[in-house]
Structures are given as structure tokens and as C-alpha cells.
Amino acid sequence: MPELPEVETVRRDIAPQVTGRRIARAEVGPGPRYGSLADAAGRTIRQVDRRGKYLLFDLDDRELIINLGMSGRLFMAGSPPEDGHLRAVIQLDGPGAGYLVFVDMRKFGTLAIVRPGEYHAIPTLAAMGPEPLSDQFAFEPFCDAVAGGGTPIKALLLSQKAVAGLGNIYVDEALNRAGIHPAARGVSRKRALVLHQAIRDVLEEAIANRGTTFSLYRDGYMREGNHYADLRVYDRAGKPCPACRTPIEKTRVAQRGTYFCPNCQPISRLTAAGRS
DNA sequence: CTGAGCCCCTGGGCGC
DNA sequence: TGCGCCCAGGGGCTCA
């Protein structure tokens, strides 16, 4: 479900409601991906940050990490909702403070409490690349990372190592804007420059639209995102490319459904598999 | 260390 | 209507 724009939207929705609040009680349902929240009770939420698709709650000498997975929803409620997929409830102290609620149908989400900055138990977070909307996202290292090798550019971008926060939707959207075929192995310096900018454009526009809902995603108020109508290729197989009217094609790259415009994103000699 | 493949889990949609 | 198959914004583990 959620990629950087959706997670950032949730963060902005809930942060004002939980920051400075003390956690009265925290309960988590069973599941191998849900660590104990026993260490959360009694601590105060100082700040809510985000790294890639992970939400980081600063609890002073502990850090609560939440990854929404494919179907996770995190929102405030006056009381814990009747929902068969309710996985965790964090009760906040204070009059009318309410509950921070985690609902996760597919159980792919992750909950963990660690010492601040100790991410070794969460490998993707530990190896997370630069935040695309910050000054950390420098061009030269990115250019090197996407320059070549045996990996399709899409798989490389999904790995979170070259840049944080991209998932299946926004990888396809960014590659479309940059005119790069998702299966291309290696991106020229010139294309890398366009891609570097396209990633930031796509993510900023999606955040402005409060994220994309095509099925399960809901924001911190359980509302749908508004970005679906602005997608250029994702989930648009057979529909005309907004730029050239060529029908969008669907294929499979890195075991994920992949959408692209065969005219705007050709497999060229320079980008094709097998080129040295 | 890397990449490919498969796994985790639940539910919706579609074809037969 | 019912069943089976495939698909789905996530990450992680194992094996070559």
C-alpha cells in the first residue's frame, strides 16, 4: 500500500495529535512481525519522523518504528474500533487524547521498539538510501548507483538503497517521466539527471495530493488519497499515454506488475539488457 | 556481497 | 452461485 507520499501524509496527519502526549497503555496483537510494545507505556512521544516508508516515533531513550506494509492503516480514534484486523492500540494520556490505532489486514506491517538509531534488526531501514526530498539526495552518488550493472533499474530503485521511499507505483511513474524503460540495465548520466528530478517531482505532487488510493490505503483520518487520477502509467494498461496517446503496456519486472509507455520509454541500445 | 526466487497473509476480482 | 486462480502501494530470508 503505502509509499513515501502516503507514509508522509499519515505522519503529517497524526503528528500534531500525538506529539507531546504520554503513552498510557500500548497493546499489540499476536504476530511474528509485531514486537512487544511493553516498553512504550509511560514514555512520551517527542516527535514523529519518517525514513523512507518507515515511521519513527521518538520516545526519548526508545524509538517506536512502524512500517505499514501493504495494507497497514494508522489513525486516531476516540475509542478502539471494532475491526477484525485491529493489530495494535496505543492509548494516549490526557483528556480527549484518544487512541492511536494500527489496523493491518494482511499482517505485512512491522512494529518494533529499539534503542534510538539502532536499526540492525530492520535491515532495509539500516541500509536506507538518502531521503529524496532532502539535500541528502545528491546527484553524483545517485548517478553512480544507477549507472550500470546487471540489475533492472526498477529493481534497483525498489531496493531503497539508491534512494529512499519509492515503491511500485512511484517507480513506474518516475521512470515514465524520465523516459526510461523499467527493465533497462544502466542509465546514462543524462538520463540519470532527468530521473533524479523526476523522482522528486512525482513524490512532491503525490504528497500534495495526499497520496494514491487504488485499493486499501487510507490516511491518518481514514480518508482516501487523491493522486490516483494523476497517475500517468500505473494501473493504466491499455489506456493512452498522456504524452503521446500510445497505449500503456503492462509487463512484469522484478516480480512486480509494471506499467510503461512503449513509445516514451523504449528499450534503446544504450539501456537494453546485454549492453556492456 | 548480489540477485533471483519464494515466503509471509488476507481478500477482491475474474474466468469457467 | 461456487471454486480456483491470479493479483495486490510491503519487506526479508535463503541459496547459488
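Throughout, protein chains are lettered first and strands after them, A, B, ... in sequence-line order, and every chain is numbered starting at 1.
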*Asks:* At under 4.0 Å between heavy atoms, what does A:Phe214 touch on the DNA or RNA strands: base, sugar-phosphate, or nothing?
*Replies:*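 It contacts base atoms.
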*Asks:* Would you check if A:Tyr217 and A:Thr212 make a side-chain contact, meaning some heavy-atom pair closer than 4.5 Å?
*Replies:*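 Not in contact.
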*Asks:* Tell me the interatomic distance from A:Leu111, atom CG, to C:dG12, atom C1', rounded to whole angstroms.
*Replies:*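 Going from CG in A:Leu111 over to C1' in C:dG12 covers 16 Å.
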*Asks:* Show me the donor-acceptor pairs, under 3.5 Å and distance only, between side chains in residues 105-112 of chain A and residues at least two apart or in other chains.
*Replies:*
none

*Asks:* Do the side chains of A:Ile23 and A:Gln91 get nearer than 4.5 Å, heavy atoms only?
*Replies:*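 Not touching, per the 4.5 Å side-chain cut-off.
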*Asks:* Roughly how many Å apart are B:dG11 and C:dG11, using the P atom of each and rounding to a whole number?
*Replies:*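 Here C:dG11 and B:dG11 have their P atoms 22 Å from each other.
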*Asks:* Counting side-chain heavy atoms from C-beta on, which of B:dT10, C:dA8, C:dC13 comes nearest to A:Met105?
*Replies:*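 Selected nucleotide: B:dT10.
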*Asks:* Parallel, tilted or perpendicular: which describes the rings of A:Phe142 and A:Phe137, with under 30° parallel and over 60° perpendicular?
*Replies:*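 Perpendicular, since the angle between the ring planes exceeds 60°.
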*Asks:* What's the CD-C1' distance between A:Gln160 and B:dT2, to the nearest Å?
*Replies:*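 Spelled out: CD on A:Gln160 to C1' on B:dT2 is 17 Å.
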*Asks:* Do A:Asp104 and A:Tyr34 meet the criterion of a side-chain donor-acceptor pair at a distance under 3.5 Å?
*Replies:*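 On atom types as modelled, these side chains qualify, holding a pair under 3.5 Å.
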*Asks:* At under 4.0 Å between heavy atoms, what does A:Gly257 touch on the DNA or RNA strands: base, sugar-phosphate, or nothing?
*Replies:*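 Answer is sugar-phosphate: A:Gly257 comes under 4.0 Å of backbone atoms only.
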*Asks:* Does the pair A:Arg177/A:Glu205 count as a salt bridge with the N-to-O cut at 4.0 Å?
*Replies:*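 Salt bridge between A:Arg177 and A:Glu205, a charged N being under 4.0 Å from a carboxylate O: yes.
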*Asks:* In whole angstrom, what separates A:Leu86's CG from B:dT10's C1'?
*Replies:*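 Rounding to the nearest Å, CG of A:Leu86 and C1' of B:dT10 are 16 Å apart.
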*Asks:* Nearest-Å distance, CG (A:Leu4) to C1' (C:dG11)?
*Replies:*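 After rounding, the reported distance stands at 16 Å.
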*Asks:* What pattern of brackets, bars and dots sums up DNA chain B from 5' to 3', given Watson-Crick or G-U wobble pairs under 3.5 Å, [ ] for crossing pairs and | for another strand?
*Replies:* .|||||||.|||||||
*Asks:* B:dC8 base to A:Arg106 side chain: any donor-acceptor pair below 3.5 Å?
*Replies:*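 Answer is no: no donor-acceptor pair is held.
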*Asks:* Mark this stacking check for A:Phe108 against B:dC8 as yes or no, applying ring centres under 5.5 Å and ring planes under 30°.
*Replies:*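 Ring-base stacking flag set for A:Phe108 and B:dC8.
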*Asks:* Does A:Arg210 pair with A:Asp219 as a salt bridge, N-O distance under 4.0 Å?
*Replies:*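 Salt bridge flag = yes for A:Asp219 with A:Arg210.
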*Asks:* Looking at every strand, decide which applies to A:Thr110 at a 4.0 Å heavy-atom threshold: base, sugar-phosphate, or nothing.
*Replies:*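 A:Thr110: no heavy atom of the nucleic acid under 4.0 Å.
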*Asks:* What nucleotide, of C:dG11, C:dA8, C:dG12, holds the atom closest to the side chain of A:Lys250?
*Replies:*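 Nearest to the side chain of A:Lys250 among the choices is C:dA8.
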*Asks:* Base, sugar-phosphate alone, or nothing: which one does A:Tyr228 contact when heavy atoms must sit under 4.0 Å apart?
*Replies:*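 Nothing: the residue A:Tyr228, judged by heavy atoms under 4.0 Å, touches no strand.
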*Asks:* Tell me whether the OP1 or OP2 atom of B:dG11 has a side-chain N or O from A:His85 closer than 4.0 Å.
*Replies:*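 For A:His85, the contact criterion (side-chain N or O under 4.0 Å from OP1 or OP2 of B:dG11) is met.
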*Asks:* Any base atoms under 4.0 Å from A:Arg252, or only sugar-phosphate, or nothing? Heavy atoms, all strands.
*Replies:*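 Answer is sugar-phosphate: A:Arg252 comes under 4.0 Å of backbone atoms only.
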*Asks:* Starting from P on C:dG11, measure out to CE on A:Met70 and report it in whole angstrom.
*Replies:*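 Rounded to the whole Å, the gap is 9 Å.
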*Asks:* Passes side-chain hydrogen bond (donor to acceptor under 3.5 Å, both in side chains), A:Glu63 versus A:Tyr119? Steps please.
*Replies:* CA-CA 10 Å; A:Glu63 198 170 327; A:Tyr119 300 148; 2.5 Å; yes
*Asks:* Taking only the side-chain nitrogens and oxygens of A:Lys161, find out if one of them lies under 4.0 Å from OP1 or OP2 of B:dC1.
*Replies:*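 Result: no.
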*Asks:* Strictly below 4.0 Å: does A:Thr151 bring a side-chain N or O up to OP1 or OP2 of B:dG3?
*Replies:*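 Indeed, a polar side-chain atom of A:Thr151 lies that close.
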*Asks:* Find the distance A:Leu158:CG to C:dG12:C1' and express it as a whole number of Å.
*Replies:*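 For the pair A:Leu158 CG and C:dG12 C1', the rounded distance is 14 Å.
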*Asks:* Measure from the side-chain heavy atoms of A:Gln255 and tell me the nearest of B:dC6, C:dG11, B:dC9.
*Replies:*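 Minimum distance to the A:Gln255 side chain belongs to B:dC6.
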